[in-house]
Structure formats: structure tokens, C-alpha cells
Amino acid sequence: MNPHSALPIPPLPSAYGLPYLVCLVKNVNWVYVFWELTPEQLQHARVQLPSQNVRKVLRVLQGPIGQQQILLDMTITDDVGEQYIYLPQSGDCYQMEILLVGETGAILLLSSNFVITPFGQVSSSEDYQWAAIEELYQHFPTPFMQNQASSPQLWHISSPMGKIPPTKEELELEVNTELILYGRTTPGAVLFIQGEAMPTKPDGSFSFRYALPEGCSIFPIKVVSRSGAQTKTLVPMITRETY
Amino acid sequence: MSSPKGILAIILHAHLPFVRHPERERNLEELWLFEAITETYLPLLMMFDRLGSEQIPCRITMSITPTLGSMLQDQLLQQRYIRHLDLLIELSEKEIERTRFQPQFYPLAQMYHQHFTRCRQLFVEKYQCDLVKAFAAVQEQGLLEIIASAATHGFLPLMDQAMAVDAQINIGVNWYRRQFHRDPEGFWLPECGYAPGIDAILRKYGIKYVILDTHGVTYSRPRPRYATYAPVYSPAGVAFFGRDVESSKQVWSSTEGYPGDFNYREFYRDIGFDLDYDYVRPYLYSDQRGHTGIKYYRITGKTADKQPYCPHTAREKAAEHAGNFMFNREKQVEYLCQHMDRQPVIVAPYDAELFGHWWFEGPQWLEFLIRKIAFDQTTIKLGTPGEYLKQYPINQVVQPSMSSWGFNGYNEVWLDECNDWIYRHLSVMAREMIDLANAETDSPIIYRALNQAARELLLAQSSDWAFIMKAGTMTEYAVYRTNSHIQQFWQLTKGIRSGWIDEQYLAQLEAKNNIFPDLDYRVYRETVAARTVVNII
């Protein structure tokens with residue numbers, strides 16, 4: 001169940017019955033690969049590769065299109081799977097493939113999209129018409145604001161500013177007091193609390209809530225009749241003492 | 001008066017995900033919107049109003065994402081916001097009474113009451129509940145340059161289908177044109193997320209510039225001549241401006257940033273947490289304690305013993321910090337000028353919601369800064385990236401680096417073990433949407449279902465859900481939203497494939513997830529040009 005609906009959210013499909021192999025760049029050296037092989041695809045490939053010992057291989061190709069070289073092969077078992085892959089060379093072009101490999105050959109089952117991982121450093125290549133000005137690069141001690149909440153969307157994360165770190169094993173106690181002054185007067189009479197006119201309900205009742213500070217507090221309460229001919233005053237005195 | 005030596009481009013990124021829940025009267029997520037209106041968007045509009053009426057030179061760049069803009073223009077949310085303000089006014093009235101004998105808090109209760117009352121008056125009477133139109137008017141006045149953004153703040157570097165990127169940009173640009181009656185010059189890449197190839201799609205929609213995090217520009221190939229102090233062109237001809245490290249640090253840094261000053265208002269001490277539960281319960285958005293927006297303490301220090309907030313002292317500090325920021329930019333520009341053969345541009349992008357919501361005094365700081373730049377110096381001038389490009393149309397061509405402004409600078413905030421599971425679904429959904437879009441339909445109900453399927457895909461792609469999962473806050477909501485949109489998408493496409501649509505179900509979804517009412521699913525129709533880009537991304 002979720003807080004936004006009376007109905008439980010049904011689970012998501014674990015497989016879609018469609019073939020795909022996708023590669024996404026996580027950072028300079030890591031990519032995330034996910035795939036789905038369909039039974040039909042595998043069956044068809046096995047017919048073409050009638051070997052007893054076949055295995056599925058996730059292949060990493062490195063280099064631009066037309067100049068690709070095999071970086072590594074890894075055996076996979078899942079038809080629907082995922083894998084994080086470490087790529088030692090940053091700033092290069094990669095593509096993934098899944099093959100069915102047997103003793104007599106290999107059948108290509110899936111090819112992924114091409115990705116280019118970021119270089120992760122200032123380039124050594126220069127455009128001599130636009131030669132870099134060294135002095136302008138002296139103010140980049142860190143390339144980006146690592147370990148800072150430099151990301152946006154602060155509305156749903158902890159503010160980067162001044163959040164109180166939890167103190168270990170500190171027993172907390174905070175006590176506040178409030179005073180509710182309530183009562184009733186003749187309907188239409190004017191009520192004053194500490195000299196200030198206060199509203200009453202049509203039946204003459206009233207209720208006010210005050211933060212009660214430490215020490216002695218005096219609340220002169222005065223009513224004046226509608227005609228102004230009569231007055232009445234009561235003075236509650238409340239003392240708050242915290243030990 | 002001497003001409004300025006450099007340009008300061010302040011960029012505010014205003015964004016919230018689409019969190020409209022008509023099925024429930026009070027939603028914690030809708031409170032994000034209401035808080036942002038009260039604490040950020042209205043204070044910014046008040047600031048622009050003052051600056052405009054006093055004719056103070058001001059040029060700020062601002063993005064308003066389509067998800068935020070759509071919510072700001074939604075009548076249900078507008079009415080709910082008014083009710084929200086009415087409750088805040090009622091609570092602040094009670095607070096004025098309750099704090100009558102607490103001189104340290106009484107003026108603060110009055111301050112909040114005045115602010116909420118003023119917000120209601122402005123929202124209802126002056127702006128007729130439409131803040132997008134209000135910001136558009138500021139743009140027309142010449143104080144603001146509003147830039148476009150992606151349809152639902154999808155994180156573009158993690159979309160493996162070029163048409164999915166294309167649709168996010170296309171819909172975002174068209175939403176902008178409808179709201180602001182002009183073509184956008186600039187485009188805010190969600191999370192500053194860029195991967196080579198995206199620039200070709202941006203160019204296709206007439207985008208002239210975007211903003212990247214620092215290393216997106218400084219790690220370009222070949223090395224940029226001016227680092228981040230001038231834009232570079234990508235191979236597709238889009239200008240890329242890089243975030244300035246120094247000005248970012250002064251505001252964002254958790255240790256050195258202005259917002260952490262001990263005199264500023266403490267965000268976490270809210271009466272929603274501090275006062276008697278029964279008293280505040282009618283003003284809370286869930287069964288648990290939460291923020292009401294009334295906060296009486298200042299940051300004070302790294303201590304739990306917080307002292308009462310003093311608005312006067314905080315305001316003086318905001319002025320001092322604005323002066324310090326300006327002084328540092330002047331010195332920075334003077335240094336840069338010694339080495340550059342053109343005016344440097346310092347690009348300072350911030351979350352708009354930092355100003356006012358997280359940093360209560362942020363709007364004051366910004367206004368002080370704008371006024372000080374106008375009157376107290378001649379070294380720097382406020383400007384927009386668009387204006388800078390007009391002044392310096394010839395720039396170096398490089399290949400900018402993949403980058404984002406998230407933790408560690410690449411994609412790992414949005415692609416991590418806690419959220420990677422979403423990408424399989426998003427990828428297959430995008431393929432299905434593209435496939436369906438390539439076919440024609442004569443059936444009005446299938447057409448509606450295709451459009452709604454596109455909306456569900458777009459909403460599932462919001463970068464916010466992966467971000468929340470990574471941040472570990474409100475994770476349940478992010479999973480709920482992701483799963484819901486995925487489920488709804490497949491339910492619709494199943495109907496489309498079979499030729500039978502459950503009209504009641506479709507109508508319910510159209511009423512609930514009503515973003516982009518004019519959406520035409522054929523934005524996903526694949527073109528030859530888009531296929532070419534697939535190989536680049």
C-alpha cells in the first residue's frame with residue numbers, strides 16, 4: 001500500500017519479452033548495462049550453433065566505430081540482467097554486445113548503443129588559434145564541488161546550511177507552558193485583556209491562548225457593559241517556576 | 001561613467017516536479033509548491049516589482065520548468081494555494097495572540113502575518129493567481145530573461161533513445177513558446193546534465209545557449225581558451241556557459257556559504273515541530289509533525305540551543321554579504337581582465353528555491369546585490385548569457401564534456417544501485433512510444449490514449465524521482481510515482497495495441513495527470529535526423 005492511493009501498486013514487469021541491450025554512463029570509469037534476451041532469439045541462435053557447450057557472453061568493445069577492439073568478454077547467465085562495468089580508459093567510445101559463443105563460432109544476439117565516457121580532466125589538446133590562458137585555470141583547485149550539496153532540488157533534501165548534527169546519546173528535554181484564558185461575559189459587553197480590546201463570541205464566551213513565560217504574569221481582565229455604565233475587573237496572577 | 005570590465009550572469013533555476021494530486025484534499029507534496037510560492041516566487045516577484053518601479057538596472061536569467069509552470073497555472077492548485085494561505089493567515093493570527101507576552105517572538109508573528117496577508121493580496125488581486133504570467137510580464141519589462149527547459153526535467157544523459165531526448169526538448173520549447181510568446185534563447189539542461197549529441201537536438205529547436213557545471217566546459221576538447229569566463233560552441237553550434245566556481249562556493253558551500261551565517265533564520269525550527277501538537281495539527285499536511293512556515297529562531301551556531309531570530313540583524317547581514325559578494329566579483333573581474341582580451345562573464349547559477357525557502361534572506365541578499373551593482377561600483381554589470389553572445393558572437397568550437405551539477409559531477413546521483421532499476425523500464429517505454437508514434441490512427445480515443453501514454457512516459461522520466469531515491473528522503477513517494485506512471489503507460493499501450501481503450505480509465509488519467517493538454521504524441525515520431533543522433537548519444 002502507498003500513502004497516495006487506496007490500491008496497492010502492482011509489481012512492475014520483470015521482463016518485457018523484447019530484445020534490448022542498453023549501456024548508460026555512470027561516471028568517468030563506470031557504465032551500467034542492462035539487457036533482455038528473448039527465448040525465441042536464443043532458440044534461433046542455438047539452432048545455428050548446434051554445439052553442446054554454448055555460453056552467453058557480454059562483450060565490451062572499445063574505440064570509435066570502424067576501429068573497435070574487444071576490451072573484455074564476460075560470461076553471463078541471466079537472460080534478463082544488469083551489470084556495472086569498470087572501464088579503465090576514460091574518454092573513449094564503447095559499445096556492448098551479447099553473443100552466444102560455442103566451440104565452433106559465435107552468434108551476435110544484441111548490440112548496445114554507443115557511449116563516450118567523460119575524460120575527467122582538463123584536456124592537453126590545444127586549439128592554437130584559441131590557445132588556453134594558463135592564468136585562468138589557476139582558480140580550479142577542484143574540478144567540481146565535491147562533497148558539497150551543489151545539486152539543485154534542495155526542497156527535498158537536507159539543507160546544506162547549518163543543519164544541527166545529531167549529538168550522540170544526548171538526552172533531550174524541553175518544556176514549554178501555555179496559558180488558556182477562557183470565560184464568559186454578558187453578550188455585547190466589551191472585553192479588555194491587559195488594556196487591549198479583545199473579541200468575544202456572540203454568546204459572550206471567550207478563549208485565548210498565550211505562551212506563558214517564566215516568572216509571574218498578571219492578566220487584568222476588564223469588561224465594560226454595552227451601555228458603558230458598568231465595569232467589572234478580575235486579575236488572575238499566574239506564576240511559572242521551573243526547577 | 002566607465003564601461004564595465006566584466007559581466008555577472010545570475011541564473012535562477014525554478015523547478016518542482018509535477019506533484020498534483022486531485023484525489024486528496026491535502027498533500028504533503030503539494031506543500032512543496034505552496035512553500036515555494038510563498039517563500040520564493042512571490043518574494044522574487046515583489047523584488048522585481050520594486051526594482052522595476054524604481055528603474056534600477058537588473059538583468060537576471062531564470063528558468064521556469066514546464067512542470068512547475070503547469071502547476072502554477074493549474075486552477076485546482078491555485079485554489080488550494082489560496083486555502084493554504086488562508087490557513088497560514090489564521091495560524092499567524094493565533095500566533096500574534098499566543099506570543100503577546102513574548103516580546104522576542106511577538107514581532108515575528110506579526111511579520112509572518114503581514115507576509116502571508118501580502119502574499120494573498122498579490123496572488124489573488126495583482127497576479128490573478130497566474131505567476132507564470134507574472135514572470136512573463138517581468139521579462140517583458142526587461143528585468144528578466146526566461147529560458148526554457150525539458151518537458152518534465154528528464155535527465156537527458158541517461159536516455160538511450162534520441163527521440164526520448166528530442167521529445168523532452170521539443171515539448172519544453174513549445175511549452176515555453178505558448179507561455180512567453182517568443183522563442184527561447186537559452187535552455188536549462190535538467191541537473192546541468194549533458195552528453196555529447198544533445199547539443200544537436202537543442203540546435204534543432206533553435207536553442208542558442210545552455211549552462212553546464214564548471215568541468216563540463218573546462219574539460220572540453222580542445223581546452224577552452226577562457227576556461228569558464230567565456231562561452232564555447234559545441235560542434236552543433238550551441239553555446240555552452242560554465243558555472244563559475246568562486247561565486248558558486250560563496251553561496252552553496254555548507255561551510256563557507258552565506259546562508260549558514262548564524263544570524264540567518266533557522267530552517268529546521270518551525271512551530272510545526274515546537275508547539276503543542278493539537279494546536280498546530282489543523283495546519284499540518286500529514287499526520288506527522290512538519291513545517292508550517294512559521295519559524296522563530298536563527299541558526300545561532302552548531303548548537304541545539306537556538307536563539308530568537310532578529311529580522312533587522314539578518315537584513316543587515318544580507319546587505320553585508322551582498323557587498324562582500326560584489327567586492328569579490330569585482331576583484332575576480334579585475335584579475336581576469338589582466339589576462340583576457342574580452343570582457344569575462346561570470347556565470348552564477350542557483351536553485352531559485354534556495355532564495356527564500358532554504359535561505360530565508362536570499363531574496364533580500366539578491367536585491368541588495370542588484371542595487372549595489374547598480375549604484376556602488378562600475379567594474380561589473382549584470383547581464384544574461386544571451387546578451388553576452390550578441391556582444392561576442394565569435395567563440396571557440398570545442399566538444400564539451402559529459403557532466404552534471406550533481407555529486408561528483410557526472411551521472412551517479414541519478415544512476416546508482418538504489419535507482420538504476422528505473423532505466424530498464426524507461427528505455428523500453430520510450431521504444432514502445434516511438435514505435436506507436438510511427439503508426440497513424442484515425443480513432444479519436446486511440447489518439448487520446450497515445451497522448452496520455454506520452455504524458456505518463458514524460459512524468460516517469462522526471463529526474464526528481466531518481467534523485468529522491470538517492471537522497472533517501474520521501475523514497476516511498478518517488479517509487480510510487482515511478483511505478484504508477486510505468487503501470488499506467490503499459491495499461492494504456494496494451495489498450496492501444498489491442499484497439500480497445502477503457503475510456504473511464506483514460507479519462508481518470510487525463511484528469512489527474514493533466515500536464516501538457518495540447519500534447520501531440522507524434523513528437524515521438526522518429527525522423528532520419530534523429531536516427532543519426534542516436535549514434536552520437
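What you see below is based on every heavy atom in this structure, not just the backbone, and it leaves out hydrogens, waters and symmetry mates. All chains are named by letter (A, B, ...) in the order of the sequence lines, taking the proteins before the strands, and each is independently numbered beginning at 1.
- For B:Gln332, no part lies under 4.5 angstrom from a heavy atom of chain A.
- Rounded to the nearest 0.5 Å, atoms CD (A:Glu134) and NE2 (B:His339) are 11.5 Å apart.
- Contact tally against chain B (heavy-atom pairs below 4.5 Å) for A:Glu174, A:Glu36, A:Glu196: the top residue is A:Glu196.
- Between the side chain of B:Gln487 and the backbone N or O of A:Pro11, at least one donor-acceptor pair lies under 3.5 Å.
- Proximity to chain B is limited to the side chain of A:Phe219, based on heavy atoms less than 4.5 angstrom apart.
- Of the listed residues (B:Arg431, B:Glu412, B:Arg221, B:Met340), the one with the most heavy-atom contacts under 4.5 Å to chain A is B:Arg221.
- A donor-acceptor pair is defined here as one N or O able to donate and one able to accept, closer than 3.5 Å; such a pair exists between the side chain of B:Arg424 and the backbone of A:Trp35.
- Counting heavy-atom pairs closer than 4.5 Å to chain A, the top-ranked of the candidates B:Ile486, B:Val428, B:Leu158 is B:Val428.
- Annotation: cation-pi geometry satisfied between B:Arg223 and A:Tyr137 (NZ/CZ under 6.0 angstrom from ring centroid, within 45° of ring axis).
- For the pair A:Leu24 and B:Trp414, the minimum side-chain heavy-atom distance is 4.5 Å or more.
- Counting only heavy atoms from C-beta outward, the side chains of A:Leu136 and B:Leu336 approach each other to under 4.5 Å.
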Starting from the C-alpha separation in whole Å, work towards a yes-or-no answer on side-chain contact (heavy atoms from CB on, under 4.5 Å) for A:Tyr210 and B:Phe101. CA-CA 7 Å; A:Tyr210 299 111; B:Phe101 307 113; 3.6 Å; yes
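- Heavy-atom pairs under 4.5 Å with chain B were tallied for A:Val28, A:Ile193, A:Leu212, A:Leu18; the largest tally goes to A:Val28.
- In terms of heavy-atom pairs under 4.5 Å with chain A, the best-connected choice from B:Thr99, B:Val397, B:Asp261, B:Asp276 is B:Asp276.
- Side-chain contact check for B:Arg225 versus A:Asp127: every heavy-atom pair is 4.5 Å or farther apart.
- Counted by atom type alone, A:Trp130 and B:Tyr226 present zero donor-acceptor pairs between their side chains at under 3.5 Å.
- Shown here are the ring-ring contact (aromatic ring centres under 6.0 Å, His included) partners of A:Tyr86, two or more places apart in sequence or in another chain: A:Trp30.
- What you find for B:Glu417 and A:Tyr84 is that their closest heavy atoms are N-OH, 3.6 Å.
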Verify side-chain contact (heavy atoms from CB on, under 4.5 Å) between B:His425 and A:Leu12, making sure each step is shown before the conclusion. CA-CA 9 Å; B:His425 301 287; A:Leu12 296 178; 3.7 Å; yes
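- To the nearest 0.5 Å, the span separating CG on B:Asn411 from NZ on A:Lys26 amounts to 10.0 Å.
- Side-chain contact between B:Tyr410 and A:Pro118 is present, with at least one heavy-atom pair separated by less than 4.5 Å.
- Between B:Met159 atom CE and A:Asn113 atom CG the span is 14.0 Å, to the nearest 0.5 Å.
- The closest side-chain heavy-atom distance from B:Glu97 to A:Met198 is below 4.5 Å.
- With a 6.0 Å radius and a threshold of 12 heavy atoms from other residues, nucleotides or ligands, B:Asp341 has its CG atom above the threshold.
- B:Tyr279 touches chain A through backbone and side chain together, each having a heavy atom under 4.5 Å away.
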Criterion side-chain contact (heavy atoms from CB on, under 4.5 Å) on A:Gln121 and B:His215, from CA distance to verdict: CA-CA 8 Å; A:Gln121 59 188 347; B:His215 58 294; over 6 Å; no
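- A:Phe34 meets the ring-ring contact (aromatic ring centres under 6.0 Å, His included) test with A:Tyr32; sequence neighbours excluded.
- Most heavy-atom pairs under 4.5 Å with chain A: of the set B:Tyr350, B:Trp490, B:Phe105, this distinction falls to B:Trp490.
- No more than 12 heavy atoms of other residues, nucleotides or ligands shown are found within 6.0 angstrom of CZ on A:Arg184.
- Around atom CD of A:Glu214, more than 12 heavy atoms belonging to other residues, nucleotides or ligands sit under 6.0 Å away.
- Nearest heavy atoms, A:Ser123 versus B:Ser220: CB-O, 3.4 Å.
- Side-chain contact, A:Tyr20 with B:Asp160: no donor N or O sits under 3.5 Å from an acceptor N or O.
- Heavy atoms of B:Tyr423 lying under 4.5 Å from chain A belong to its backbone as well as its side chain.
- Separation of atoms CH2 (B:Trp421) and OG (A:Ser14) is listed at 14.0 Å; rounding is to 0.5 Å.
- If you measure heavy-atom distances from A:Val122 to chain B, the contacts under 4.5 Å come from both the backbone and the side chain.
- For the set B:Arg98, B:Glu432, B:Lys94, B:Gln102, the entry with the most heavy-atom pairs within less than 4.5 Å of chain A is B:Arg98.
- Looking at A:Glu178, the atoms closer than 4.5 Å to chain B (heavy atoms on both sides) all sit in the side chain, from C-beta outward.
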